[in-house]
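Just so it is clear: chains get the letters A, B, ... in the order the sequence lines come, proteins before strands, and each one is counted from 1.
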2 protein chains.
Amino acid sequence: MSLIPIRPGAQSGGGRAPGPAAESERRDAARNRELLLCAAREIVEESGADALTMDRLAQRAGVGKGTVFRRFGSRAGLMMALLSGAEAEFQGRFMFGPPPVGPGAPPLERLIAVGAARISWILEFGELARAADASVYNRFDVPPAVLWHRHLEMLLREAGVTADPWLMASALGAALEPELLLHAVGVHGIAPERLAETWRELVTRVVGGG
Amino acid sequence: MSLIPIRPGAQSGGGRAPGPAAESERRDAARNRELLLCAAREIVEESGADALTMDRLAQRAGVGKGTVFRRFGSRAGLMMALLSGAEAEFQGRFMFGPPPVGPGAPPLERLIAVGAARISWILEFGELARAADASVYNRFDVPPAVLWHRHLEMLLREAGVTADPWLMASALGAALEPELLLHAVGVHGIAPERLAETWRELVTRVVGGG
DNA sequence: AATACAACCGGACCGCGGTCCGTTTAGCAT
DNA sequence: ATGCTAAACGGACCGCGGTCCGGTTGTATT
């Protein structure tokens, strides 16, 4: 594995950024990326994320398997690419959108609102999100996850929580993980509103208690 | 998958209970179970849980691969079998042990203490525990997980938390998951005492806030 | 237009977890 | 001891995610 990027936009680790095409990508490569993303969306829509196999995807898109891995690095990377639009939109909402999710509302209100928004987001895209969380790295150290964590941290600080903000954000963030929420709703039949309600309760107590 | 147990002690899903041998197990089967558990412990001790491959284990124990799966059902089942001793000991501590982890102390103190105990437990056995959490079922619906969850639920109720106890226990329990704790300690270098401290802070606020 | 080189491509290949099924064997009844 | 049956056994087999490498193709340069 080369430590020095071969050319601008390339990424170490054998894969490539899951986001939009890096600048200066060869035309056939760009074409195949679109082909693959399109075919992937079709498969997910038809049969769910679990049915999205790298071999199947390659066959469906009419390319070789190596090409799939060259473009997306791994199955998790592909899933992140599929999610990147929805993820960016969500980030935009809590960073620049209207209150109470976006800036402008008091921190506790923002925490409550952003949690509720996150819950509905996960109930919509959770299947993909879970598939994207294949490794520990993908779960915690990928840019969107870091951004989300930092945002929680900031809101907690603004709300006056003095205890270790990093760990506090981790603990609260763990309550919003896709695996947990999907399990609560899918297996135990918890209503989505209960999730948001309990989140409100939780975060209110944490912030209010001192 | 048959819904009716073939014989007492057998378990649906193609595997067998991860605990001690079911009554009336054929002698060669029992012998192989011990052989396998022993070989598995050796491999884990030598090279870590990630190096524990089903093929390798079978080869090392001198049995066929089919036998491994017959005995333990899956890799996760094997990991649970390896953990069952430590897990039972931990259960004993919070159910029947001396306070403040066991009964006899006020609920908030018990919550704090049992969380701290859980944290050290995970820092000791977390690698195996993480490997045992392969599927959603293994994470949430396996008997020890259910027992643990119920215990948290009970303590919260006793401490006067009125909000949905099941979800509250899920949220707080998520802050103690192996993947999260191991990541915090291993990647971010958080000191174990900080984990316990933050847990104390978290649970105190949740209980105290109303 | 010809050349050269880097990026790209495809598919054979690997090790993994898990399944299947023909064969062997333990335990019991006679 | 002998024979019967259900359980246990072993290893070939499968589909999966991921890697590798020899051949191909796009693109910049002259």
- prompt: Picking from D:dT27, D:dC16, D:dG18, which would you name as closest to the side chain of A:Thr53?
  reply: D:dC16
query: Taking the six-membered ring of B:Trp121 as reference, does the NZ or CZ atom of B:Arg93 fall below 6.0 Å from its centre and within a 45° cone about the axis?
result: no
message: Looking only at the side chain of B:Phe69 (C-beta and beyond, no hydrogens), which of the listed nucleotides C:dG18, D:dG10, D:dT19 gets closest?
response: C:dG18
query: What is the distance from CZ of B:Arg75 to C1' of C:dC16, rounded to the nearest Å?
result: 10 Å
query: Is any side-chain N of the basic residue among A:Glu179 and A:Arg139 closer than 4.0 Å to the acidic one's carboxylate O?
result: no
- prompt: Is the backbone of A:Leu52 close enough, under 3.5 Å, to the side chain of A:Arg75 for a donor and an acceptor to pair up by distance?
  reply: yes
statement: Assert: residue with more 5' nearest nucleotide on DNA chain D, out of B:Asn32 and B:Asp55, is B:Asn32
field: Options D:dG18, D:dC9, D:dG11, nucleotide nearest the side-chain atoms of A:Lys65
entry: D:dG18
statement: The answer to which of A:Met54 and B:Gly64 contacts DNA chain D further toward the 5' end, by nearest nucleotide, is B:Gly64
field: Interatomic distance where CD belongs to A:Gln59 and P belongs to D:dG15 [whole Å]
entry: 12 Å
field: Result of checking A:Leu155, A:Val161, A:Leu156 against A:Glu158 for side chain to side chain contact (heavy atoms under 4.5 Å, CB included)
entry: A:Leu155
- prompt: Rounded to whole angstrom units, what separation is found between the CG atom of B:Leu57 and the C1' atom of C:dG18?
  reply: 14 Å
task: Take atom CZ of A:Phe72 and atom P of D:dG17, then tell me their distance rounded to the nearest Å.
output: 15 Å
- prompt: Tell me: CZ of B:Arg71 to P of D:dG10, nearest whole Å?
  reply: 11 Å
- request: Establish, with yes or no, whether the OP1 or OP2 oxygen of C:dA26 is under 4.0 angstrom from a side-chain nitrogen or oxygen of B:Arg27.
  value: no
query: What are the two closest non-hydrogen atoms of B:Ala163 and B:Met168, and how far apart are they?
result: CB-CE, 4.4 Å
message: On the nucleotide D:dA7, are OP1 or OP2 found under 4.0 Å from the side-chain N or O atoms that B:Arg70 carries?
response: no
- prompt: Within the distance-only criterion (no hydrogens, no angle test), does the side chain of B:Arg110 pair as donor or acceptor with the backbone N or O of B:Phe94 below 3.5 angstrom?
  reply: yes
field: B:Asp50 CG - C:dG15 C1' separation (whole Å)
entry: 15 Å
Atom-pair distance (CE on A:Met79; C1' on D:dG17), nearest Å: 12 Å
- prompt: Of B:Leu52 and A:Val63, whose closest DNA chain C nucleotide lies nearer the 5' terminus?
  reply: A:Val63
message: Tell me whether the side-chain N/O atoms of B:Thr67 come closer than 4.0 Å to OP1 or OP2 in D:dG10.
response: yes
message: Counting only side-chain heavy atoms from C-beta out, which of C:dG18, C:dC9, D:dA8 sits nearest to A:Ala29?
response: C:dC9
- prompt: Looking only at side-chain N and O atoms, does B:Arg56 come under 4.0 Å of OP1 or OP2 in C:dC16?
  reply: no
query: C:dA7 P sits how many Å from A:Arg31 CZ, rounded?
result: 19 Å
- request: Check whether the side chain of B:Arg26 and the base of D:dA8 form a donor-acceptor pair under 3.5 Å.
  value: no
Nearest-neighbour nucleotide for the B:Asp28 side chain, D:dT19, C:dC8, C:dA26 considered: C:dA26
